[in-house]
**Student:** 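Take this structure, written in structure tokens, and hold onto it; I'll ask about it next.
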Amino acid sequence: MTLILGIESSCDETAAAVVENGRHVVSNVVASQTELHKRYGGVFPEMASRAHIRAITPVVREAMTQARADWEDIDAIAAVYGPGLAGSLLVGLNAAKAIAYARDIPLVGINHLEAHIYANWLVPPGETEVSWPPPPFPLLCLVVSGGHTDLVLVEEHHQYRRLGSTIDDAAGEAFDKIARLLGLGYPGGPAIQRVAEQGDPEAFAFPRALQVGPYDFSFSGLKTAVLRKVQALRRQAGEDVGRRGVKLAEAGVDAESDLPIADLAASFQAAVVDALVSKTVAAVEDHDAVQLLVAGGVAANTRLRSELQHQVTVPVRFPPIRYCTDNAAMVAAAGHFRYLDGRRDHAHLDADPSLHLDHV
Ligand code: KG4
Ligand code: ZN
């Protein structure tokens with residue numbers, strides 16, 4: 001039996017969690033900075049780092065208290081050291097180093113993307129060890145977050161082969177940018193999903209960018225297509241009002257609110273999901289994967305979940321939403337398997353903002 005304390009601070013969530021045997025969440029504490037970054041429409045790195053410094057000690061203490069764990073019970077401290085924002089990563093990593101040193105507990109450095117993948121090992125509330133068995137290998141994992149969009153073949157624990165990636169924006173980044181364009185706020189993914197429920201996914205035929213490599217993605221053309229459509233619709237709205245002989249402002253008409261936001265959001269979301277699903281289906285079939293895991297913040301998307309479930313021929317697993325977006329339970333789960341594998345880190349482990357999955 002292992003009890004691992006996980007620590008995560010790579011972006012805008014300060015998180016700590018205690019996990020038993022890499023599978024059972026004993027405590028899971030996340031301090032989100034969403035409110036702080038909302039007014040900037042994205043993460044403001046210096047503010048993120050300062051907020052992590054304020055939150056890290058209370059968050060770790062709370063995770064230990066909720067777990068009713070003593071330091072002697074903890075077998076290892078698993079901390080994310082990359083990829084992510086340098087100033088953010090350093091806070092969690094340094095806290096982990098300090099505790100590990102002071103309490104003489106082994107330190108295990110974890111790749112944030114690996115942690116997202118291992119969220120799929122965590123037994124969700126209401127499931128059991130039997131109903132939610134450990135995923136079988138070889139498996140394919142679609143990692144879709146704010147910073148990454150990768151198709152990864154996992155042949156065994158810690159054996160990764162990246163089959164493809166985005167050549168420009170990450171899927172989550174595209175959601176965030178289009179949400180900003182449509183005035184829907186931050187974070188964009190959940191906002192677009194909510195608004196898209198009222199819209200027609202076929203209202204606008206946005207490009208799917210399928211002509212890049214067989215397992216690669218591209219979202220910049222889609223982003224431009226949505227921008228052009230919004231500009232054209234705005235012009236049209238302005239002209240319509242102009243034709244009635246009234247200036248926009250005088251008429252009290254906000255061209256923006258005249259936009260078919262729900263249809264735009266639904267059509268954009270459908271285009272992203274189609275691109276993700278078609279490449280994933282091909283990768284699963286070409287590599288004889290026995291299961292598909294979906295990981296990262298965009299794995300929370302309901303349309304992506306249902307389309308993958310319908311179109312992929314092997315069983316598909318998604319973590320519960322709370323383990324899809326950044327959290328430390330997934331870090332502790334990954335930490336369990338790395339710890340068993342013998343990985344140990346020391347004070348010289350440095351934050352690596354551009355750490356790759358195949359270089360862990
Ligand atoms: O994995 P994550 O929490 O942080 C990173 O490691 O980047 O992912 C955050 C991303 C954001 O871009 C957010 O807009 C997106 O995940 N996201 C979603 C949804 N929930 C979060 N995208 C689409 N649909 C959602 N329901
Ligand atoms: Zn993440």
Side-chain angles (χ1 to χ4, degrees), residues 5-18 25 27-66 78-99 110-113 115-116 119 143-148 169-180 183-194 295-301 319-332 351-355:
L5 169 67
I7 297 183
E8 150 71 36
S9 70
S10 64
C11 189
D12 61 344
E13 256 95 38
T14 321
V18 176
V25 181
S27 69
N28 182 31
V29 179
V30 181
S32 172
Q33 304 175 7
T34 305
E35 283 306 314
L36 192 65
H37 301 294
K38 235 180 194 159
R39 77 187 98 144
Y40 306 105
V43 179
F44 194 124
E46 283 79 7
M47 303 226 336
S49 162
R50 261 181 279 149
H52 283 306
I53 291 171
R54 282 195 297 275
I56 190 74
T57 303
V59 163
V60 170
R61 197 171 285 147
E62 183 63 19
M64 290 295 286
T65 306
Q66 283 186 17
V80 166
Y81 69 105
L85 299 168
S88 290
L89 286 165
L90 279 172
V91 178
L93 180 59
N94 283 341
K97 282 185 194 174
I99 302 168
I110 294 294
N111 179 308
H112 180 80
L113 300 174
H116 272 303
V143 183
V144 268
S145 71
H148 293 83
D169 290 346
E173 198 180 351
F175 269 99
D176 293 337
K177 286 179 178 168
I178 294 302
R180 204 176 326 163
L184 296 175
Y186 172 84
I192 291 209
Q193 176 176 310
R194 206 173 323 112
V298 184
N301 188 269
I321 309 272
R322 77 178 87 163
Y323 304 144
C324 283
T325 48
D326 287 349
N327 67 87
M330 66 185 193
V331 179
D352 184 348
S354 50
L355 184 67

**Student:** If you measure from OG1 on Thr14 to CD1 on Ile56, what distance do you get to the nearest 0.5 Å?
**Tutor:** 6.0 Å
**Student:** Name all residues meeting the side-chain contact (heavy atoms from CB on, under 4.5 Å) criterion together with Asp176; count only those two or more places apart in sequence or in a different chain, and write none if there are none.
**Tutor:** Tyr186, Pro187
**Student:** Is a side-chain N or O of Ser27 found less than 3.5 angstrom from the main chain of Gln66, in a donor-acceptor match?
**Tutor:** no
**Student:** Taking all non-hydrogen atoms of both residues into account, name the closest pair between Glu13 and Val30 and its distance.
**Tutor:** CG-CG1, 3.3 Å
**Student:** Mind checking whether Val331 and His112 have side chains closer than 4.5 Å, heavy atoms only?
**Tutor:** no
**Student:** Enter the distance from Ile99:CD1 to Met64:CE here, rounded to the nearest 0.5 Å.
**Tutor:** 8.0 Å
**Student:** Using the side chain to side chain contact (heavy atoms under 4.5 Å, CB included) definition, which of the options Val144, Val143, Thr325 pairs with Val298?
**Tutor:** Val144
**Student:** Show the nearest heavy-atom pair for residues Ala329 and Ala17, with the distance to one decimal.
**Tutor:** N-CB, 3.4 Å
**Student:** Can you tell me how far CD of Glu8 sits from CG of Asn327, rounded to the nearest 0.5 angstrom?
**Tutor:** 7.5 Å
**Student:** State, to 0.1 Å, how close Ala31 and Ala55 come at their nearest heavy-atom pair, and which atoms those are.
**Tutor:** CB-CB, 4.4 Å
**Student:** Please answer whether the main-chain N or O of Arg61 pairs with a side-chain N or O of Thr65 as donor and acceptor at a distance below 3.5 Å.
**Tutor:** yes
**Student:** Would you tell me whether His116 and Asp326 have side-chain atoms, one donor and one acceptor, within less than 3.5 Å of each other?
**Tutor:** yes
**Student:** Can you tell me how far the CG atom of Asn28 sits from the CD atom of Glu62, to the nearest 0.5 Å?
**Tutor:** 11.5 Å
**Student:** So, do Leu85 and Val43 sit near enough that their side-chain heavy atoms are less than 4.5 Å apart?
**Tutor:** yes
**Student:** Would you name the heavy atoms of Ala300 and Cys324 that are closest together and state the gap between them?
**Tutor:** N-SG, 4.1 Å
**Student:** For a quick test of reading the model, state the closest non-hydrogen atom pair linking Ala16 to Val59 and the distance between them.
**Tutor:** N-CG1, 3.5 Å
**Student:** Answer yes or no: is there a side-chain heavy-atom contact under 4.5 Å between Tyr81 and Leu89?
**Tutor:** no
**Student:** Rounded to the nearest 0.5 Å, how far does OG of Ser32 lie from NE2 of His37?
**Tutor:** 8.0 Å
**Student:** With a 4.5 Å heavy-atom cut-off, do Ser10 and Ser88 have their side chains touching?
**Tutor:** no
**Student:** Would you say Ser9's side chain and Gly92's backbone share a donor-acceptor pair under 3.5 angstrom?
**Tutor:** yes
**Student:** Test side chain to side chain contact (heavy atoms under 4.5 Å, CB included) on Val80 and Ile7; report intermediate values, then the result.
**Tutor:** CA-CA 7 Å; Val80 166; Ile7 297 183; over 6 Å; no
**Student:** Measure the CZ-CZ distance between Phe175 and Arg180 for me, rounded to the nearest 0.5 Å.
**Tutor:** 15.0 Å
**Student:** For Glu173, check side-chain contact (heavy atoms from CB on, under 4.5 Å) against everything at least two apart and list the hits.
**Tutor:** Asp169, Ala170, Lys177
**Student:** Taking all atoms of both residues into account, what is the closest heavy-atom pair of Pro353 and Ala351, and its distance?
**Tutor:** CD-O, 3.7 Å
